[in-house]
Enquirer: 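I am attaching a structure below and will ask some questions about it afterwards.
A note on names: the letters A, B, ... follow the listed sequences, proteins ahead of strands, and every chain is numbered from 1. Remember, it's a predicted structure, so these values are computed and weren't measured experimentally.
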2 protein chains.
Amino acid sequence: MGAVVDMDSARGKGPQPTLEGLQRLTASDINAVNTLILRHMQSEVALIPELAGHIIAAGGKRLRPMLLLACARMCGYRGERHVALAAAVEFIHTATLLHDDVVDESDLRRGRATANAVWGNKPSVLVGDFLFSRAFQLMVGDGSLDVLAILSEASAVIAEGEVLQLITANDTDTSETQYLEVIKSKTAKLFAAATRLGAVVSGRPRVEEEALETFGANLGIAFQLVDDVLDYASREATMGKSVGDDFRDGKITLPVVLAFRRGATEEQDFWRRTLERLEQEPEDLDKAIGLLTRHGALNDALERARHFSALARDALDIFPNCPRSRLCSTPSPSISSAATDRPQKARFSALWGPL
Amino acid sequence: MGAVVDMDSARGKGPQPTLEGLQRLTASDINAVNTLILRHMQSEVALIPELAGHIIAAGGKRLRPMLLLACARMCGYRGERHVALAAAVEFIHTATLLHDDVVDESDLRRGRATANAVWGNKPSVLVGDFLFSRAFQLMVGDGSLDVLAILSEASAVIAEGEVLQLITANDTDTSETQYLEVIKSKTAKLFAAATRLGAVVSGRPRVEEEALETFGANLGIAFQLVDDVLDYASREATMGKSVGDDFRDGKITLPVVLAFRRGATEEQDFWRRTLERLEQEPEDLDKAIGLLTRHGALNDALERARHFSALARDALDIFPNCPRSRLCSTPSPSISSAATDRPQKARFSALWGPL
């Protein structure tokens with residue numbers, strides 16, 4: 001099941017999309033992050049590590065921590081602070097996932113195998129709160145008010161994005177601008193905070209903090225766009241993501257926004273019935289994928305993703321080319337010596353080229 | 001409806017329980033707190049201030065902020081930091097309330113008029129997350145890592161207490177020790193953090209921080225015990241609390257713990273049917289109140305509350321009697337001058353005598 005979107009030929013003959021490079025670059029640090037995550041999700045209340053372990057093991061990719069760790073490395077960081085902050089970012093992400101899965105009973109009946117389908121809404125909410133608190137305890141242990149300011153603001157913006165998404169859910173009149181507003185807040189903001197923190201722990205100048213924030217924000221938007229396309233187009237065996245969750249939930253993602261606006265009246269009626277009133281027949285998902293394909297909505301959404309991916313790559317341009325005398329005017333002593341052998345942007349961005 | 005528990009005669013002819021004294025003492029500060037709360041719950045996403053305003057207006061007593069403000073005053077504090085921290089504490093409390101109200105659809109049918117009954121589970125959860133993030137932004141604005149450590153740890157403990165309460169819910173085998181464990185975490189911890197912060201912002205020595213923490217912790221336990229008794233014994237006109245919510249939810253509070261253990265087999269069967277299996281008939285609440293009264297469970301729970309209330313009062317003893325040379329060894333310059341006219345413990349604890 002799923003639309004045939006030839007992501008390879010659209011992308012040209014470049015490298016395949018893979019996290020392997022990033023995983024190799026951050027492997028030893030990620031082990032330290034995982035150890036810290038395991039230690040800090042412990043509680044005498046046994047249900048907490050049980051439920052948290054379920055979602056933390058299932059969530060698994062550690063994309064945001066890896067980005068923070070890789071950005072810290074690119075900035076020449078040699079200390080240990082990035083490990084705790086990467087764990088904090090993953091805890092915030094996990095708490096968000098748990099709270100995003102809260103549903104009413106009617107939704108549960110649509111058969112989703114989330115933590116709250118197993119344990120119920122309330123334990124998921126409360127364990128999310130616990131992990132969120134643990135994230136802040138990790139930051140307090142780190143001791144930087146700058147870090148706390150970045151992640152507490154990011155948390156507030158994520159919550160705003162999630163509420164905004166609720167409001168646009170099931171509303172086929174949602175515009176591309178509104179859709180972008182939602183994913184900038186709910187997804188891209190934490191990417192941006194994670195990448196920015198790579199510069200912050202390294203004591204890099206503000207201009208590099210902002211470049212890495214721009215990198216993360218645009219990468220996050222591209223990531224969410226691809227994720228939304230995959231919900232209609234995934235080849236399940238390779239991508240490990242099932243098709244149709246967003247459709248069944250009535251989520252209005254960019255492919256739907258584009259197809260709805262390009263569709264004839266009876267097509268718009270179809271989207272309203274299935275996504276607004278959630279009156280869905282078994283064959284409706286295939287019909288939806290057909291409409292998305294006919295209007296080029298999936299390929300165009302991927303094209304948008306490439307646009308933001310290009311913005312992300314270009315934001316890294318200041319790193320190899322910057323005159324060190326200007327950009328590195330206030331490095332801490334321990335950083336300036338380490339920074340001489342930091343990885344070049346070219347090597348780093350190659351990891352993300354495929355996106 | 002509700003048991004007749006003569007709280008007045010059990011208490012003797014002392015002053016009536018009232019928050020008026022505390023309200024008078026903190027009136028101008030509370031106005032500043034309310035202004036700050038209103039400002040910081042704003043968001044471009046209109047549903048957020050709408051829903052947050054509903055619960056913040058309804059929650060209304062501002063007990064925890066008032067305690068923080070009063071403790072700061074007792075410590076002779078003359079600055080402005082206590083206002084933002086009181087708002088942060090209220091935001092954490094409000095977020096907890098919103099998340100505590102998350103239920104499954106079956107519970108909603110039992111007719112509770114909570115925020116999530118009006119807006120649904122998910123908006124309540126997400127607005128709670130927003131307020132929780134705002135609390136941390138207020139603390140970051142304050143700039144003290146000590147404050148952040150106290151409130152992030154408190155938040156984690158509250159979440160643990162809430163999960164523990166879920167586990168003991170509907171379990172009539174719950175012991176008094178387990179019950180105490182729950183209310184120490186879910187209720188008393190935030191009281192303790194609020195009162196401790198009164199000493200922290202004032203730059204008082206550690207021994208005074210700990211005394212105020214002990215005061216708040218015991219007061220919080222007493223508060224929750226009385227709250228649990230009122231759920232079976234409130235005179236609705238004066239206390240503004242309706243009777244029977246805990247019973248309908250199958251919550252195992254101390255009155256039930258005591259009555260269950262003192263009851264005959266058929267009484268235990270009654271508690272199991274009504275609170276474990278939630279098979280309740282209209283007349284069951286009256287029968288429950290009858291059993292609680294017959295076994296003296298409500299009066300004995302109040303007696304326990306008096307015990308913790310006494311511990312709370314006694315924790316304040318160091319304030320008037322402390323040799324200033326020993327206890328005030330490291331005051332900051334701005335504090336030591338202000339501390340000379342701080343209110344005596346006798347005046348302050350009189351506010352809480354009735355409890």
Enquirer: Is B:I167 close to chain A through its backbone or its side chain, or both, or neither, when contacts mean heavy atoms under 4.5 Å?
Expert: side chain
Enquirer: Would you indicate whether A:E80, at its atom CD, is surrounded by more than 12 heavy atoms from other residues, nucleotides or ligands within a distance under 6.0 Å?
Expert: no
Enquirer: List the atom of A:S133, the atom of B:S152, and the distance in Å for their closest heavy-atom pair.
Expert: CB-O, 3.8 Å
Enquirer: What pair of heavy atoms forms the shortest contact from B:L126 to A:A159, and how long is it?
Expert: O-CB, 3.7 Å
Enquirer: So which of B:V157, B:L47, B:V140 has the biggest tally of heavy-atom pairs under 4.5 Å with chain A?
Expert: B:V140
Enquirer: In sequence, state the C-alpha distance, the side-chain angles, and the governing distance for B:V163 and A:K122, and then conclude on side-chain contact (heavy atoms from CB on, under 4.5 Å).
Expert: CA-CA 8 Å; B:V163 174; A:K122 202 151 173 178; over 6 Å; no
Enquirer: How far apart are the closest heavy atoms of A:H99 and B:H99, and which atoms are they?
Expert: CE1-CE1, 3.8 Å
Enquirer: Would you mind telling me which of B:M139, B:R134, B:E162 has the largest number of heavy-atom pairs within less than 4.5 Å of chain A?
Expert: B:E162
Enquirer: In the structure I gave you, are the side-chain heavy atoms of B:D129 and A:I158 within less than 4.5 Å of one another anywhere?
Expert: no
Enquirer: Can you say whether B:E44 sits under 4.5 Å from chain A via the side chain, the backbone, both, or neither, judging by heavy atoms?
Expert: backbone
Enquirer: Could you tell me which portion of A:L166 (side chain, backbone, both or neither) has an atom closer than 4.5 angstrom to a non-hydrogen atom of chain B?
Expert: side chain
Enquirer: Examine whether an atom of B:L164 lies under 4.5 Å from a heavy atom of chain A, and if so say whether it belongs to the side chain, the backbone or both; otherwise answer neither.
Expert: both
